[in-house]
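Working notes, beginning with the structure itself.
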Amino acid sequence: VDRAVALRKSGKVAAADQALNGEVLPSLDAYLTSIRDLIAFQNNVVDEGGKEAIATAALARDVAIGLAAVALLLGVGFAVAITRSITRPLSELKHSADRLALGDIDQTLKADTKDEIDDLARSFIGMIDAQRSIAAAAKRLAAGDASVPVVARSDKDELSRSVEQLRQTVQSLTGETSKLVTAAKA
């Protein structure tokens, strides 16, 4: 470029044009081509980086959706398991209460969960045992055996106290009947 400028200043316009066209413009074209190639390369790098970012974002989205689906399925599974662990024993207790209300004392309950439902099952087992005890006392009385006293489980145990009064009355009547039979024979 400096040579072409010096030739032009010295009045050699044709030589200056020839120097420009022969030396400067080709090197300028090569320079511009290199710049265009660099810009194209950088655009390619940016495009590839953008495509990778989009692919990574799509993969991350798919993984997040998959994990959310797994978490949802696990949550539903745990909810069903917990619900069944509560409703199944309660259903068994309800069935037992219905049978007990109909007088069925020949039933067995399990109390093995160590929670509030287990406490409730133990209370039902206690009620069934109490009913069995009173039924056994009534059977003995019906068979004429008034020798075994019925012990009330608490001061509010009206049924046991009533059966004990009935036992004492039967025992007293049996004693008086025996005395009357003995007196009548004599």
Side-chain angles (χ1 to χ4, degrees), residues 47-186:
D47 286 346
E48 290 300 317
K51 288 177 185 174
E52 280 184 37
I54 289 171
T56 301
L59 178 63
R61 181 199 63 223
D62 293 346
V63 168
I65 289 172
L67 289 174
V70 167
L72 178 65
L73 289 174
L74 284 173
V76 167
F78 283 134
V80 167
I82 290 170
T83 300
R84 283 186 179 166
S85 75
I86 294 169
T87 58
R88 186 170 288 140
L90 285 177
S91 177
E92 289 173 9
L93 288 175
K94 182 212 176 285
H95 181 69
S96 178
D98 290 344
R99 289 174 53 198
L100 188 60
L102 295 173
D104 182 2
I105 58 172
D106 188 26
Q107 52 181 308
T108 304
L109 287 175
K110 292 182 291 182
D112 56 6
T113 59
K114 307 293 185 248
D115 58 11
E116 292 82 2
I117 295 173
D118 188 54
D119 293 341
L120 185 59
R122 271 189 250 129
S123 294
F124 268 86
I125 291 168
M127 284 191 309
I128 293 169
D129 288 344
Q131 293 299 312
R132 283 183 186 145
S133 174
I134 292 170
K139 282 181 184 177
R140 283 192 307 272
L141 280 173
D145 179 7
S147 64
V148 180
V150 178
V151 179
R153 294 175 306 267
S154 73
D155 59 339
K156 300 208 183 270
D157 187 0
E158 193 64 36
L159 183 58
S160 292
R161 284 192 312 209
S162 296
V163 172
E164 174 57 18
Q165 282 180 330
L166 176 63
R167 184 197 69 81
Q168 289 173 2
T169 302
V170 168
Q171 191 175 36
S172 175
L173 288 173
T174 303
E176 288 188 30
T177 303
S178 291
K179 286 179 189 175
L180 287 173
V181 167
T182 303
K185 286 184 180 176

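All values derive from a computational prediction rather than experimental measurement. In this chain, residues are counted from 1 in sequence order.
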Residues 144-151, side-chain donor-acceptor partners within the protein, below 3.5 Å, at least two apart:
unit_1: Asp145; atom_1: OD1; unit_2: Ser147; atom_2: N; d: 3.0
unit_1: Asp145; atom_1: OD1; unit_2: Ser147; atom_2: OG; d: 2.5

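- Taking all atoms of both residues into account, the shortest heavy-atom contact from Ser160 to Ile134 is OG-CD1, 3.5 Å.
- Counting heavy-atom neighbours within 6.0 Å of Asp62 CG, excluding the residue itself, gives a total above 12.
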Worked check of side-chain contact (heavy atoms from CB on, under 4.5 Å) between Asp157 and Glu164: CA-CA 11 Å; Asp157 187 0; Glu164 174 57 18; over 6 Å; no
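- A distance-only check finds a donor-acceptor pair linking the side chain of Thr83 to the backbone of Ala79 [under 3.5 Å].
- At least one donor-acceptor pair under 3.5 Å links the side chain of Ser162 to the backbone N or O of Glu158.
- For Arg88, the side chain to side chain contact (heavy atoms under 4.5 Å, CB included) criterion is met by Arg84, Glu92, not counting sequence neighbours.
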side-chain contact (heavy atoms from CB on, under 4.5 Å) assessment of Ile128 paired with Ser96: CA-CA 9 Å; Ile128 293 169; Ser96 178; 3.8 Å; yes
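- In terms of modelled atom types and a separation under 3.5 Å, the side chain of Ser178 and the main chain of Thr174 share a donor-acceptor contact.
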Audit row: Glu116, Leu120, side-chain contact (heavy atoms from CB on, under 4.5 Å) steps and yes/no: CA-CA 6 Å; Glu116 292 82 2; Leu120 185 59; over 6 Å; no
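- A distance-only check finds a donor-acceptor pair linking the side chain of Arg132 to the backbone of Ile105 [under 3.5 Å].
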Stepwise side chain to side chain donor-acceptor pair (under 3.5 Å) test for Gln171 and Arg167: CA-CA 6 Å; Gln171 191 175 36; Arg167 184 197 69 81; 3.2 Å; yes
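- Residues Leu109 and Phe124 share a closest heavy-atom pair of CD1-CB, 3.5 Å.
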